[in-house]
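One structure below.
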Amino acid sequence: MPGRLIVLSNRIPTEGPPSGGLVVALHELLAERGGLWIGAASDFADEPSETFQPVAGEERYEKATFDLTEDEHADYYLGYANSVLWPLCHHRTDLLAMERRYADGYRAVNARVARMLAQIVGPEDRIWVHDYHFLPLALELRRLGVAARVGMFLHIPFPAAADISALTESDEFYQWFAAFDLVGLQTEADVARCLDAYRRHPSGEMLLDGRVKLDGSIFKVRSFPIGIDGKTFADIAKTPPAHDPVHIRADARLILGVDRLDYSKGIPHRFRGFSTYLARRDPCSPRATLLQITPPSRESVMAYQEITRELEALSGRINGQYGEIDWTPIRFVVRSVPRETLVPLYRMASVGLVTPLADGMNLVAKEFVAAQDPDDPGVLVLSRGAGAAEQMTDALIVNPYDAEDVGDAIEKGLTMPLEERRSRHAALMEVVRNTDIFEWGNRFIDALGAVKKPAAQMRETPG
Ligand code: ADP
């Protein structure tokens, strides 16, 4: 009998209809294929429990949560996941928060989730693990003798070997990935970094069939570039908004930035790039307002508090220098906005400014393109540090660290002739269509199912 699909992700929709691109996609994949979706409970528990809690729902699949105590949340989630692995994978080893209890908490939560999974998993099931919160999961499952296929999709960049060596647990880091049967990464560049890191490892071996061997573990690594539900975005964009969502002056052009408040998104660099554009702009050209919409994120992590202060100071300074009585060059809004507001903003914008310093993929780039009017599209300015730049080569690709490069691209985007805008947009739209999120999920699940032999049978499990 074919096994079921078990999806493990940090968050699952526990109340109301699912929202957000990935959550909706996983929901639909599970509704089609059946299975079980497991994620962290939203409330803290007093004591960690050893069984999943079923979540009642009407879906055609099951849902369950594992609980976390407040201490576990601090060490495993805020600590190791978001203050060690996140900076590590985004080339910010300077921000690594080296606290031994973080790594201990991270291992302990993963070991507990693995014990709970081992109680319910069958040998033919496929376990699809999402992201950096659960790197040790496959290794823990193998230790418990679980033979099911286990795949990991890492949504964020795979770090370079030199960065991995900054981790106290660097050797474990290699073992964690190697214990999966399939490791899915966003881009070919990520795959190259992963292979390079294992090649440099003293026990790493490249097999003739392309798989990677580390001690007794063998795994396959492939890129599965994630996308969006482009059709839904294009459909929302076609509906005129009930009211003008921005009220910018009629003679001003809109430049739009939409990112979580995160140091990896390069928002201060973007502001400096915009400032360079303002310094050089012809005073007779139409004014352009940069609207930066930024939902707050991980506010209890120190590095995130610092960036808020930096951005407030920077936008204030630029507005003081270049603003006029009837024009504020930067509008910096720290809040989440509903998709019905976001999509018309994408469509109104002359330039979409997507300039992360490092990003696994960056879905905003794809959403911006999907929302454009093909007859009169805006221009995407895209950082070469975003995974999306590997596919979206018809965007204006910039070096996000170089304010002059970003400033020039803004100028070029604002003055680009219609024909060129249309042809670039058509090529970018093709990329959006080819990386549809539903196909992405099916491709990963099928690839995991195609792993021939559950790796546990071939392994000498490390002790
Ligand atoms: P990340 O996953 O690192 O936050 P992505 O660009 O891949 O970056 O995905 C961000 C998602 O969050 C997109 O779907 C985008 O529409 C959404 N988003 C970003 N900013 C806002 C905002 N201010 N309000 C609502 N949604 C937002």
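Read the numbers this way: they start at 1 and go in the same order the structure lists the ligands and their atoms.
Listed by atom number, the atoms of ligand 1 under 4.0 Å from Ile293 heavy atoms are 23 (N). Heavy-atom contacts of Pro295 reach the following atoms of ligand 1: 20 (N), 21 (C), 22 (C), 23 (N) (cutoff under 4.0 Å). Close contacts between ligand 1 and Tyr346 involve ligand atoms 16 (O) [criterion: under 4.0 Å to a heavy atom]. Taking every non-hydrogen atom of Val258 and a distance limit under 4.0 Å, the qualifying atoms of ligand 1 come out as 19 (C), 20 (N), 21 (C). Interface atoms of ligand 1 facing Arg335, defined by a heavy-atom separation under 4.0 Å, are 23 (N). Those atoms of ligand 1 that come under 4.0 Å of a heavy atom in Arg260, given as number and element, are 1 (P), 3 (O), 4 (O).
From the protein, the heavy atom lying nearest to atom 7 (O) of ligand 1 is Leu363 N, 3.0 Å. Atom 10 (C) of ligand 1 has as its closest protein heavy atom Val364 CG2, 4.3 Å. In terms of protein heavy atoms, atom 25 (C) of ligand 1 is closest to Val337 O, 3.0 Å. Of the protein's non-hydrogen atoms, Glu367 OE1, 2.6 Å is the one closest to atom 16 (O) of ligand 1.
Under the 4.0 Å distance rule, the nearest protein heavy atom to atom 12 (O) of ligand 1 falls outside the cut-off. In this structure, atom 21 (C) of ligand 1 has protein heavy atoms in its sub-4.0 angstrom surroundings. The nearest protein heavy atom to atom 2 (O) of ligand 1 is not closer than 4.0 Å.
With a 4.0 Å cut-off on non-hydrogen atoms, Leu342 touches ligand 1 through its side chain and not its backbone.
For the residue pair Gln391 / Lys366, a side-chain donor-acceptor distance below 3.5 Å is found, with atom types taken as modelled. A donor-acceptor pair shorter than 3.5 Å can be found between the side chains of Glu367 and Tyr346. When only modelled atom types and interatomic distance are considered, Asn399 and Asp402 share no side-chain donor-acceptor pair under 3.5 Å. Using modelled atom types, one finds a donor on one side chain and an acceptor on the other under 3.5 Å when comparing Arg270 with Gln292.
Contact annotation: the side chain of Arg317 approaches that of Leu314 to within less than 4.5 Å [non-hydrogen atoms, C-beta and beyond]. Residues Arg107 and Glu169 form a side-chain contact, since some pair of their non-hydrogen atoms from C-beta on lies under 4.5 Å apart.
Ligand 1 lies out of reach of Arg339, whose nearest heavy atom is not under 4.0 Å from it.
Aromatic ring orientation, Tyr80 versus Trp176: perpendicular (interplanar angle above 60°, classes split at 30° and 60°). Using bins of under 30°, 30° to 60° and over 60° for the plane-to-plane angle, the ring pair Tyr277/Phe274 lands in the parallel bin. The aromatic rings of Tyr76 and Tyr106 lie parallel to each other, with less than 30° between the two planes, well short of the 60° mark. By the 30° and 60° cut-offs, the orientation of the rings of Tyr198 relative to Tyr174 is perpendicular.
The option from Gln292, Lys265, Met361 that lies nearest to atom 8 (O) of ligand 1, judged by heavy atoms, is Lys265.
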